[in-house]
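Here's the structure we're looking at; comments come further down.
Lettering of chains follows the sequences in order, A, B, ..., and the numbering in each one begins at 1. Fair warning: this is a prediction, and the values are worked out from it, not measured in the lab.
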Number of protein chains: 2
Amino acid sequence: MDKQCKINAFRTGLAQFVTFEEDEWEILSQHLSFSTLKKKDHFVVEGKVCDYIGFIVQGSARHYHVKDGQEITGYFYFENELVSAYKSFLKRVPSINFIQALEKTELVLIAYADLQKMLNHPILALKMERFGRLVAEHHICCYEDRVTAFITQSPEERYTMLEKTAKDIFQRVPQHFIANFLGITPVSLSRIRKRTLLH
Amino acid sequence: MDKQCKINAFRTGLAQFVTFEEDEWEILSQHLSFSTLKKKDHFVVEGKVCDYIGFIVQGSARHYHVKDGQEITGYFYFENELVSAYKSFLKRVPSINFIQALEKTELVLIAYADLQKMLNHPILALKMERFGRLVAEHHICCYEDRVTAFITQSPEERYTMLEKTAKDIFQRVPQHFIANFLGITPVSLSRIRKRTLLH
DNA sequence: CGAAAACGTTAACAAAAGATAAGGACTTTA
DNA sequence: TAAAGTCCTTATCTTTTGTTAACGTTTTCG
């Protein structure tokens, strides 16, 4: 996949937050880099500071923790979404988790240092601040829903909801990752699926 | 409690995100309003759009959902913290939960319309965008930890962690609210406490 | 002050989830 | 292509949690 194609996809994807004018885009696009992850390559590893925000042009990834030698998947990322270990990226602290490609994945990257430059660039600053704010606000809304689900719903209800709102995820992601995402074990998810099939 | 005292507390509290210069503060402070909630007064109710972000000068509040006629407490707010139903506030949609004062609570408020004015004010815009971004980023980091706890920890581990990192909460908040916050029933929390006392 | 409400604990039972292991189907890869 | 690995299901057993209800204490409020 060539760079221009990736850049175009990125620009289109950003439009849900902010639209950049030609002169702005000129500058911004000079601060981008590109990456292709093979399946199982890592975008971030535990213990290292995450230096990039990535935009997924094609492919997917998962976010996971290692606890007692076991991997626990906490989140998925798909096309046209931003991916990063935000706390690590924003606070410059070592990541407590991994982010790994689920398949061959094409990314557009913004490095932390470049982002800071743009936030201090006279022409770009205001729009970049707004962009950052809107992205962060978007994530807050997603997180609100996710925490609400853990607080107010049973595992079975969370499964049913996921099945209703993002059925395709079951075609793209191994079921035991989804179980982790729902906060239960793979065995338990298998039981819930059987149980809910028979009403 | 008089206004000037509240304004000062607010300015100090904001310093963790952004510091405003005199001329900026001059403008910003004209867009503030003030409120005192009695115990059990609501800051937001389900079904209504949340029109304010509040800064708690004194007091505390809880965030709760009503499901099957039962209240489920999802979060607490204390002094020097911002409180709002963010998704409702940011996206202008009806809130799906309530926010209620746990005791007499003194607030400094920013109305949505005023915030928008400031975000478009030539002098304030950049700093307000940054302020908004940093607040949102701060919340993202909090949410990351909270979701991680649900994914990787058992209820007992979440209780132990809370007891270690925020012991004072048990003195300020009824235990059955904390149970909800941990994602379990009050009866279950009572059992966990007994169990963990005997090592 | 006194009645009502709120709160935490405990008990008993049912339901659900975790842990472990085994088996079969499907992929990957050497 | 054969072997190894991955993945999902199922079964069994244990542990934990949910549900409901009762009890005593404390707090709230008319």
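- Per the geometry, CZ belonging to B:F170 stands 15 Å off C1' belonging to C:dC7, to the nearest Å.
- Among the atoms of the strands shown, none is found under 4.0 Å from any heavy atom of A:K40.
- By the 6.0 Å contact criterion, OH on B:Y86 is enclosed, its count of non-hydrogen atoms from other residues, nucleotides or ligands being greater than 12.
- The nucleotide whose nearest atom lies closest to any side-chain atom of A:R195 is, among D:dT10, D:dT17, C:dA17, C:dA17.
- Taking 4.0 Å as the cut-off between side-chain N and carboxylate O, B:E129 and B:R133 do not count as a salt-bridged pair.
- Between A:E156 atom CD and C:dG18 atom P the separation is 13 Å, expressed in whole Å.
- Atom pair A:K194:NZ and C:dA16:P shows a separation of 14 Å (rounding to whole Å applied).
- Residue B:P186 is classed as having no contact, given no heavy-atom separation below 4.0 Å to the nucleic acid.
- Here the nucleotide nearest the side chain of A:I192, chosen from D:dA11, D:dT16, C:dA17, is C:dA17.
- Under 3.5 Å, the side chains of A:E46 and A:S95 contain no donor-acceptor pair of N or O atoms.
- For A:R191, no side-chain nitrogen or oxygen approaches OP1 or OP2 of D:dT12 to under 4.0 Å.
- Side chains of A:Q153 and A:R158: no donor on one and acceptor on the other come within 3.5 Å.
- In this structure, B:T185 reaches the D:dG18 phosphate: one of its side-chain N or O atoms is under 4.0 Å from OP1 or OP2.
- Dashed line: the shortest gap from a side-chain N or O of B:S188 to OP1 or OP2 of D:dG18 is under 4.0 Å.
- Taken residue by residue, residues 175-184 of chain A places heavy atoms nearer than 4.0 Å to DNA chain D at A:Q175, A:H176.
- Counted within 6.0 Å of CD on A:E79, heavy atoms from surrounding residues, nucleotides or ligands total more than 12; the atom is thus considered enclosed.
- Taking atom CZ of B:R158 as the reference point, atom C1' of D:dT17 lies 12 Å away to the nearest angstrom.
- Between the P atom of D:dG18 and the CD1 atom of B:I72 lies a distance of 11 Å, rounded to the nearest Å.
- A:Q70 places no side-chain N or O within 3.5 Å of a backbone atom of A:K67 that could act as its donor or acceptor partner.
- As a whole-Å value, the separation of B:Q70 CD from C:dC7 P is 13 Å.
- Both B:S154 and A:P174 lie near DNA chain D, and the one whose nearest nucleotide falls closer to the 5' end is A:P174.
- Of the possible donor and acceptor atoms, one in the side chain of B:H121 sits under 3.5 Å from a partner among the backbone N and O of B:I123.
- Counting to the nearest Å, the C1' atom of D:dT27 and the CD atom of B:E103 are 16 Å from each other.
- The separation between B:R193 atom CZ and D:dT17 atom P is 15 Å, rounded to whole Å.
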